[in-house]
Amino acid sequence: MLEKKEKHKRDTGLRPLENVGDKGVVMRFAPNPSGPLHLGHARAAYLNDYYIRQYGGKYILRIEDTDPKRVSEENYQLVLSDVKWLGIEVSDIIYQSERMDIYYDYCEQLIAMGGAYLCTCDAEIFRDLKNTKQACPCRNHTVPENLSLWKDMLAGKFEEGQITVRVKTDIEHPDPAMREFSIFRIVADTPHPRCHARVYPLMNFSVAVDDHLLGMTHVIRGKDHIANTRRQKYIYDYFGWEQPTYFHYGRMSIEDIVLSTSAMKAGIASGEFTGWDDIHLGTLRAIARRGFSPEAVRNAMIDIGIGQTDINFSWDNLFAANKAIVDPIASRYFFVPTPVLCHISGATEHIAHPLVNPNDEAQGTRSLRFTGAVYLPGDELEDGKMLRLKDLFNVRVTETPDGFSLEYCGDSLDAARTEHARIVQWLPREQALRCMLHTPEGTIEGLCEPVVTRELNAVVQFERVGFARIDEVSETGVSAYFAHK
RNA sequence: GCUGAUAUAGUGUAGACCGGCCAAUCAUGCAGGACUCUCACUCCUGCGACUGGGGUUCGAAUCCCCAUAUCAGCACCA
């Protein structure tokens with residue numbers, strides 16, 4: 001039994017969790033609504049989701065919207081719809097902006113027990129003191145003084161930047177990151193779309209309070225939070241709470257893709273990108289548009305796992321994961337890139353019936369009627385070569401001063417095989433629809449089967465070209481996005 | 001500068017906590033082959049890695065130290 005478990009563990013990739021309670025685990029996905037979700041978010045979302053599915057329990061979607069400068073009404077919707085696309089098992093949605101009173105209350109408690117003080121020092125001055133392990137004068141406030149300042153802060157008696165609440169840690173802590181960090185600030189002039197606050201908790205406070213109140217058993221987040229975990233320990237200790245079990249996964253860099261929200265925003269504003277779903281971006285919307293399924297992203301992320309090592313995200317691995325999902329179900333069609341119209345002499349009318357999916361004959365066939373002229377991929381035309389038009393017949397190519405002339409040379413597949421003729425995709429002159437195939441490297445103009453129009457939003461395989469998602473169809477043409485080979 | 005972490009094939013990952021069964025797993029990629037009316041799928045074969053140096057030990061990918069490289073934090077962002 002144990003041996004079996006060991007083996008299973010390896011198959012699924014992620015190591016088992018310790019400290020799992022009777023009711024399973026409570027974990028969270030906690031995005032900040034400052035833009036749409038991207039592949040980096042997907043990793044956090046799926047790693048947590050993996051364990052919820054494994055052990056049962058609760059998966060809390062916590063919207064961390066305590067910085068009014070970074071949130072907007074539009075972004076909430078983006079995040080929610082992206083979460084939906086991910087298909088994770090969310091049991092509750094919490095908005096931190098609705099919990100301000102809770103944070104204020106706990107802050108007051110923390111002040112009352114001497115764990116925090118109000119600091120009116122200028123941020124830069126404080127930083128210099130902190131860097132030389134010196135306490136600022138505010139650290140000596142008495143508890144009543146602090147409580148009174150806290151009330152004044154809440155009452156609006158200070159301007160933005162004039163006062164902050166700091167946790168009393170250890171001003172001589174060897175790690176400068178641990179010394180007396182801030183947990184509340186004033187944001188005066190930026191209204192919050194969802195609450196009427198002026199005093200906002202900083203992440204280390206709201207996260208610690210919420211993780212405890214919501215009963216988190218395990219937290220999986222990026223290693224940029226390692227220091228925060230240790231800072232939050234001070235808060236847990238003051239309140240006598242027990243910290244959850246943490247995992248901090250490493251940095252993931254992604255080649256050839258724009259990931260930072262600010263860079264994306266700038267690019268969209270300048271017109272470099274068409275929008276959040278521009279295929280040069282690493283947003284989930286872009287990934288979806290290119291024809292990747294959430295399951296493929298999930299599998300790729302679980303495969304990457306939870307390690308602290310910094311990694312290079314590999315498109316190859318995502319391609320393979322997506323292919324595994326899409327190949328069995330994608331309908332096959334002909335797409336002819338850089339098409340050349342060719343007349344074929346010596347052939348009678350034929351109707352070809354290529355399989356919609358060669359691995360599943362039940363999906364039927366499509367039919368292409370040859371009446372004398374076809375479009376062929378320009379790259380395949382070469383003087384003297386025999387070509388096999390897939391599911392149709394063989395032709396001999398001759399180069400002439402004004403192009404290529406093709407001559408019918410039999411139906412025999414065996415003949416084509418013995419001559420090592422390439423089997424190529426083709427389209428009848430009468431059954432060819434304009435098709436723009438967009439790839440991150442550029443757009444390929446071509447033609448496709450007219451029935452592709454019924455595949456809107458589906459991923460198809462253009463034979464010998466690759467998988468693509470049909471993004472737009474009209475009577476005059478099709479727009480498709482290339483996923484991978 | 002200070003603090004903390006990480007380092008296994010081209011890429012990702014297992015093994016490291018509890019040293020030997022690891023001349024190192026699986027996937028992906030690449031190369032070759034079989035199958036196939038797609039350069040897809042499936043199948044077979046092959047390629048390819050323990051950052052470096054010391055130490056502990058009968059024995060080290062695994063423990064310790066140093067070096068190097070990379071990353072993170074040191075915000076009144078998350």
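Keep in mind that the numbers below use all heavy atoms, side chains included, and drop hydrogens, waters and symmetry copies. Fair warning: this is a prediction, and the values are worked out from it, not measured in the lab.
Remark: B:G12 base-pairs with B:C26. Criterion, Watson-Crick or G-U wobble with two distances under 3.5 Å. With a cut-off of 3.5 Å on both Watson-Crick or G-U wobble distances, the partner of B:G1 is given as B:C74. Searching all strands for a Watson-Crick or G-U wobble partner of B:U6 with both distances below 3.5 Å returns B:A69. Base pairing annotation: B:A31 forms a Watson-Crick or G-U wobble pair with B:U45, both donor-acceptor distances under 3.5 Å. Using Watson-Crick or G-U wobble geometry with both donor-acceptor distances under 3.5 Å, B:C58 finds its partner in B:G20. Base pairing of B:U36 is not made with any nucleotide, judged by Watson-Crick or G-U wobble geometry with both donor-acceptor distances under 3.5 Å.
Regarding A:Q232, its CD atom lies at a distance of 19 Å from the P atom of B:G4, rounded to whole Å. Between A:F29 atom CZ and B:A78 atom P the separation is 16 Å, expressed in whole Å. Distance A:Q363 CD to B:A40 P: 19 Å, rounded to the nearest Å. Taking atom CG on A:D327 and atom C1' on B:A40, their separation rounds to 6 Å, with Å as the unit. Taking atom CD of A:Q425 as the reference point, atom P of B:C37 lies 17 Å away to the nearest angstrom. Rounded to whole Å, atom P of B:A72 lies 14 Å from atom CE of A:M252. Separating the CG atom of A:D122 from the P atom of B:A75 is a distance of 13 Å, rounded to the nearest angstrom. Across the protein-nucleic acid pair, A:D128 atom CG and B:C74 atom C1' stand 13 Å apart, rounded to whole Å.
Counting distance only, with no hydrogens placed and no angle test, the side-chain atoms of A:E380 and the base atoms of B:C39 include a donor-acceptor pair under 3.5 Å. For B:C37, the base has a donor-acceptor partner in the side chain of A:R388 [N/O atoms by modelled type, under 3.5 angstrom].
The A:T309 side chain lies nearest to B:U6 when the options are B:U6, B:C74, B:C71. With B:U38, B:A40, B:U28 as the choices, the nucleotide that has an atom nearest any side-chain atom of A:K390 turns out to be B:U38. When distances run from any side-chain atom of A:R422 to the nucleotides B:C39, B:U38, B:C76, the shortest one goes to B:C39. Here B:C76 is the nucleotide among B:C76, B:U13, B:G4 with the atom lying nearest to any side-chain atom of A:A123. Of the candidate nucleotides B:C74, B:C71, B:G4, B:C74 has the atom nearest to the side chain of A:P176. Side-chain proximity of A:P174 to B:U3, B:G10, B:A72: nearest is B:U3. You'll find that the side chain of A:R166 is closest to B:C76, out of B:G12, B:U38, B:C76. Which of B:G29, B:A40, B:C76 sits closest to the side chain of A:N359 comes down to B:A40. Considering only side-chain atoms of A:R251, the nucleotide from B:C41, B:C74, B:C71 that sits closest is B:C71. Considering only the side chain of A:K223, B:C71 comes nearest among B:U13, B:C39, B:C71.
Closest heavy-atom contact between A:A45 and A:I88: O-CG2, 4.1 Å.
Residue A:D391 is in base contact, counting any heavy-atom pair closer than 4.0 Å across all strands shown. A:I183 comes within 4.0 angstrom of no nucleic acid atom, judged by non-hydrogen atoms across all strands. Across all strands shown, A:I304 has heavy atoms under 4.0 Å from sugar-phosphate atoms exclusively, and none from any base. Contacts of A:H225 with the nucleic acid, taken as non-hydrogen atoms under 4.0 Å apart, include base atoms. Residue contacts shown for A:P354 are absent, as no nucleic acid heavy atom lies under 4.0 Å away. A:K130 comes within contact range of the sugar-phosphate backbone alone, with a heavy-atom separation under 4.0 Å but no base atom that close. No engagement by A:G250 is indicated, since no non-hydrogen atom pair under 4.0 Å with the nucleic acid exists. As judged by a 4.0 angstrom heavy-atom cut-off over every strand, A:T66 is placed among residues touching the sugar-phosphate backbone only. Residue-level contact check: A:F467 touches the backbone only, with heavy atoms under 4.0 Å from sugar-phosphate atoms and none from bases.
Taking atom C1' in both B:C47 and B:A5, one finds a spacing of 34 Å when rounded to whole Å. Comparing the C1' positions of B:A23 and B:U28 gives an interatomic distance of 24 Å, to the nearest angstrom. Distance check on atom P: B:G15 versus B:G20 gives 13 Å, rounded to whole Å. Comparing the C1' positions of B:A14 and B:U8 gives a spacing of 10 Å, expressed to the nearest Å. One P atom belongs to B:C64, the other to B:A16, and the distance between them is 15 Å to the nearest Å. When the P atom is used for both B:A9 and B:U51, the distance is 7 Å, rounded to whole Å. B:A7 and B:C44: their P atoms are spaced 33 Å apart (whole Å). When the C1' atom is compared between B:G32 and B:U13, the two are found 26 Å apart, to the nearest whole Å.
Aromatic pair A:Y200/A:Y103: centroids not less than 6.0 angstrom apart. Side-chain rings of A:F184 and A:W150 approach one another, their centers coming within less than 6.0 Å. Ring pair A:F462/A:F334: centre-to-centre distance not below 6.0 Å.
Two residues, A:G305 and A:N317, neighbour RNA chain B, and the one matched to the more 5' nucleotide by heavy-atom proximity is A:G305. With the nearest nucleotide of RNA chain B identified for both A:R332 and A:G307, A:G307 has the one nearer the 5' end.
Geometric assessment of A:R290 against the ring of A:W315 yields a positive cation-pi assignment under the 6.0 Å and 45° thresholds. For the pair A:R53 and A:Y59, the cation-pi criterion (under 6.0 Å, within 45° of the ring axis) is not fulfilled. Stacking of A:R62 on the aromatic ring of A:Y95 is not recorded, the 6.0 Å distance cut-off and the 45° axial limit not both being met. Annotation: cation-pi pair A:R166/A:Y117 absent, no NZ/CZ under 6.0 Å from the ring centroid and within 45° of its normal.
Aromatic ring orientation, A:Y234 versus A:H173: perpendicular (interplanar angle above 60°, classes split at 30° and 60°).
A close approach under 4.0 Å does occur between a side-chain nitrogen or oxygen of A:K323 and OP1 or OP2 of B:C41.
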